[in-house]
Amino acid sequence: MNYLKLPNTDLEVSQIALGCMRIADKTVDEVERLVQCALDLGVNFFDHADIYGGGRSERLFGEALARHPEWRERMVIQTKCAIVPGQRYDFSYDHIVDSVNQSLERLHTDHVEILLLHRPDALCDPREVARAFDELYEAGKVKYFGVSNHTPLQILLLEKYLKHKIVINQLQLSIVHSVIIDSGLNMNMTDAFAQDKDGGVLDWCRLNDVQIQAWSIVQASWADGTFLNNPKYGRLNEALERIAARYSVSKATIATAWILRHPARIQAIAGTTSCDHLKENVDACRIELTRQEWYDLYMAAEKPLP
């Protein structure tokens with residue numbers, strides 16, 4: 001396992017994190033085994049959100065943690081709030097504070113290391129966010145704060161009023177969904193890949209010591225699902241299979257290694273409920289793709305270089 005010193009914190013985190021969105025349909029026994037597997041593999045970072053499974057993911061994880069309170073000191077727990085499914089995004093003081101209190105109750109812990117605001121709220125008043133963050137920090141309920149899916153200007157607007165630096169921005173990234181990389185490679189070109197859809201967030205986060213976390217690391221899109229073994233992505237799967245054979249690992253391992261190869265030292269969120277699949281993600285830590293292999297995979301996803 002590779003470990004990262006999370007900028008502007010005292011936390012050392014595994015470069016592979018376990019994303020807990022999909023554990024909602026598992027039993028407590030199954031979640032207990034998955035968490036034990038993660039810890040045995042060196043994973044110490046667990047990513048939650050209040051909406052995962054309508055709160056059931058946090059509840060199941062909390063019940064497993066209640067069986068093993070000794071696990072807590074080995075864990076960095078992150079949760080997210082602000083999405084009210086199908087209704088709105090909500091950065092109000094009441095919603096943030098209430099969401100965190102409910103998450104702590106479900107997780108059977110008195111604090112989380114990190115709280116993320118899940119998606120940008122068009123009605124965000126950063127002074128209200130600051131009041132919520134201050135209260136949660138002073139009560140010892142949250143140590144550090146971050147965001148998910150935010151542009152640089154949205155982060156800067158928040159930080160104008162916050163006492164606490166934004167330490168994480170969680171962004172969708174895979175070989176197929178590489179929007180945060182595409183526009184930089186196609187700078188000053190007229191094709192669609194040249195469109196800057198995120199305000200240069202990748203470079204901005206690197207310049208400002210904001211840790212990038214990648215989610216949906218083997219997903220093409222919500223419609224297509226994973227690109228692994230998906231006939232729609234035949235050329236990419238052929239390239240993955242060829243490189244995987246070279247390293248004697250799985251295609252999933254190579255897909256994860258593609259993300260880890262980027263010099264931004266991105267933390268990858270593995271959203272799996274399988275110990276075997278989690279091990280495939282962790283195996284990526286021991287592989288450093290060559291520059292040519294990285295570009296071969298990028299181009300195999302039908303992204304020609306300009």
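- Taking CD1 from I181 and CZ from F193, the interatomic distance works out to 12.5 Å, rounded to the nearest 0.5 Å.
- Taking CD from E63 and CG from D29, the interatomic distance works out to 10.5 Å, rounded to the nearest 0.5 Å.
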Steps toward side chain to side chain contact (heavy atoms under 4.5 Å, CB included) verdict (L116, V147): CA-CA 4 Å; L116 304 187; V147 294; 5.8 Å; no

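- Qualifying ring pair (Phe, Tyr, Trp, His ring centres under 6.0 Å) partners for Y298, counting only residues two or more places apart in sequence or in other chains: W294.
- Between L60 and A24, the shortest heavy-atom contact is CD1-O, 3.5 Å.
- Within a 6.0 Å radius of OH in Y247, more than 12 heavy atoms belonging to other residues, nucleotides or ligands are found.
- Of the residues I269, I259, I175, the one that meets the side chain to side chain contact (heavy atoms under 4.5 Å, CB included) test with I217 is I259.
- The closest side-chain donor-acceptor pair between S92 and D94, if any, does not fall under 3.5 angstrom.
- Within the 4.5 Å cutoff, no side-chain heavy atoms of R131 are placed close to those of D134.
- Of the charged side-chain nitrogens involved, none lies within less than 4.0 Å of a carboxylate oxygen, so that E105 and K141 do not count as a salt-bridged pair.
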From CA spacing to verdict: side chain to side chain contact (heavy atoms under 4.5 Å, CB included), L104, D110: CA-CA 6 Å; L104 294 178; D110 62 357; over 6 Å; no

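- By the neighbour-count criterion of 12 heavy atoms within 6.0 Å, atom NZ of K232 is sparsely surrounded, having that number or fewer from other residues, nucleotides or ligands.
- Listed by chain and number, the residues in a ring pair (Phe, Tyr, Trp, His ring centres under 6.0 Å) with H68 are W71 (sequence neighbours excluded).
- Between L34 and K26 the shortest side-chain heavy-atom distance does not fall below 4.5 Å.
- In this structure, the ring of H164 has its center less than 6.0 angstrom from the ring center of F145.
- One finds a salt bridge joining R246 and E293 here, because a Lys/Arg side-chain nitrogen approaches an Asp/Glu carboxylate oxygen to under 4.0 Å.
- Between F45 and I114 there is a side-chain heavy-atom pair separated by less than 4.5 Å.
- The two residues S174 and S216 come nearest to each other via the heavy atoms CB-O, 3.5 Å.
- Look at R106 and D50 and you find no salt bridge, because none of the NZ, NE, NH1 or NH2 atoms lies under 4.0 Å from a carboxylate O.
- Across all non-hydrogen atoms, the minimal contact from L18 to T272 is CD1-O, 3.5 Å.
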Side chain to side chain contact (heavy atoms under 4.5 Å, CB included) between R56 and E58, intermediate numbers included: CA-CA 5 Å; R56 181 169 167 79; E58 287 184 330; over 6 Å; no

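- The heavy-atom pair separating Y52 from C20 by the smallest distance is CD1-C, 4.1 Å.
- The existence of a salt bridge linking K80 and D47 is confirmed by a sub-4.0 Å separation between a basic side-chain nitrogen and an acidic carboxylate oxygen.
- Each of T151, N149, I212, N169 was scored for a side chain to side chain contact (heavy atoms under 4.5 Å, CB included) with V201, with one residue passing: N169.
- Between I166 and H150, the closest side-chain pair of non-hydrogen atoms is not below 4.5 Å.
- Here S274 contributes atom OG and E280 contributes atom CD; the two are 7.5 Å apart, rounded to the nearest 0.5 Å.
- In summary, the side chains of T256 and T253 do not present any donor paired with an acceptor at a separation below 3.5 Å, with no hydrogens or angles considered.
- For R22, the CZ atom sits in a loose shell: 12 or fewer heavy atoms of surrounding residues, nucleotides or ligands are nearer than 6.0 Å.
- When the side chains of ILVMFWY residues are joined at heavy-atom separations under 4.5 Å, either directly or via intervening members, I168 and V142 end up in two distinct hydrophobic clusters.
- Side chains of K251 and N229: a donor-acceptor N/O pair is present below 3.5 angstrom, by distance only.
- Using a 4.5 Å cut-off on side-chain heavy atoms (C-beta onward), L115 and T79 make contact.
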N237/E241 under side chain to side chain donor-acceptor pair (under 3.5 Å): CA gap, chis, key distance, verdict: CA-CA 6 Å; N237 276 278; E241 189 166 355; over 6 Å; no

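- Looking at H177, M21, Q172 one by one, the single match for side chain to side chain contact (heavy atoms under 4.5 Å, CB included) with W215 turns out to be Q172.
- Atoms CG and CG, on L6 and D209 in that order, are 10.5 Å from each other to the nearest 0.5 Å.
- Here the CG atom belonging to L117 is positioned 7.5 Å from the SG atom belonging to C124, to the nearest 0.5 angstrom.
- Considering every non-hydrogen atom in both L185 and P306, the closest pair reads O-CG, 3.3 Å.
- In this structure, K279 pairs ionically with D283, as a charged nitrogen and a carboxylate oxygen lie closer than 4.0 Å.
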Salt bridge (charged side-chain N to carboxylate O under 4.0 Å, His left out) assessment of D40 paired with R33: CA-CA 10 Å; D40 290 346; R33 289 193 291 270; over 6 Å; no

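- Two residues are said to be in side-chain contact when any heavy atoms from C-beta on lie closer than 4.5 Å; Y144 and D10 meet this criterion.
- For the pair V210 and W204, the minimum side-chain heavy-atom distance is below 4.5 Å.
- Between L41 and I16, every side-chain heavy-atom pair lies at or beyond the 4.5 Å cut-off.
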Trace of the side chain to side chain contact (heavy atoms under 4.5 Å, CB included) decision for L173 with W258: CA-CA 10 Å; L173 176 64; W258 185 87; 4.3 Å; yes

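- For the residue pair A252 and N281, the shortest heavy atom distance occurs at O-ND2, 4.4 Å.
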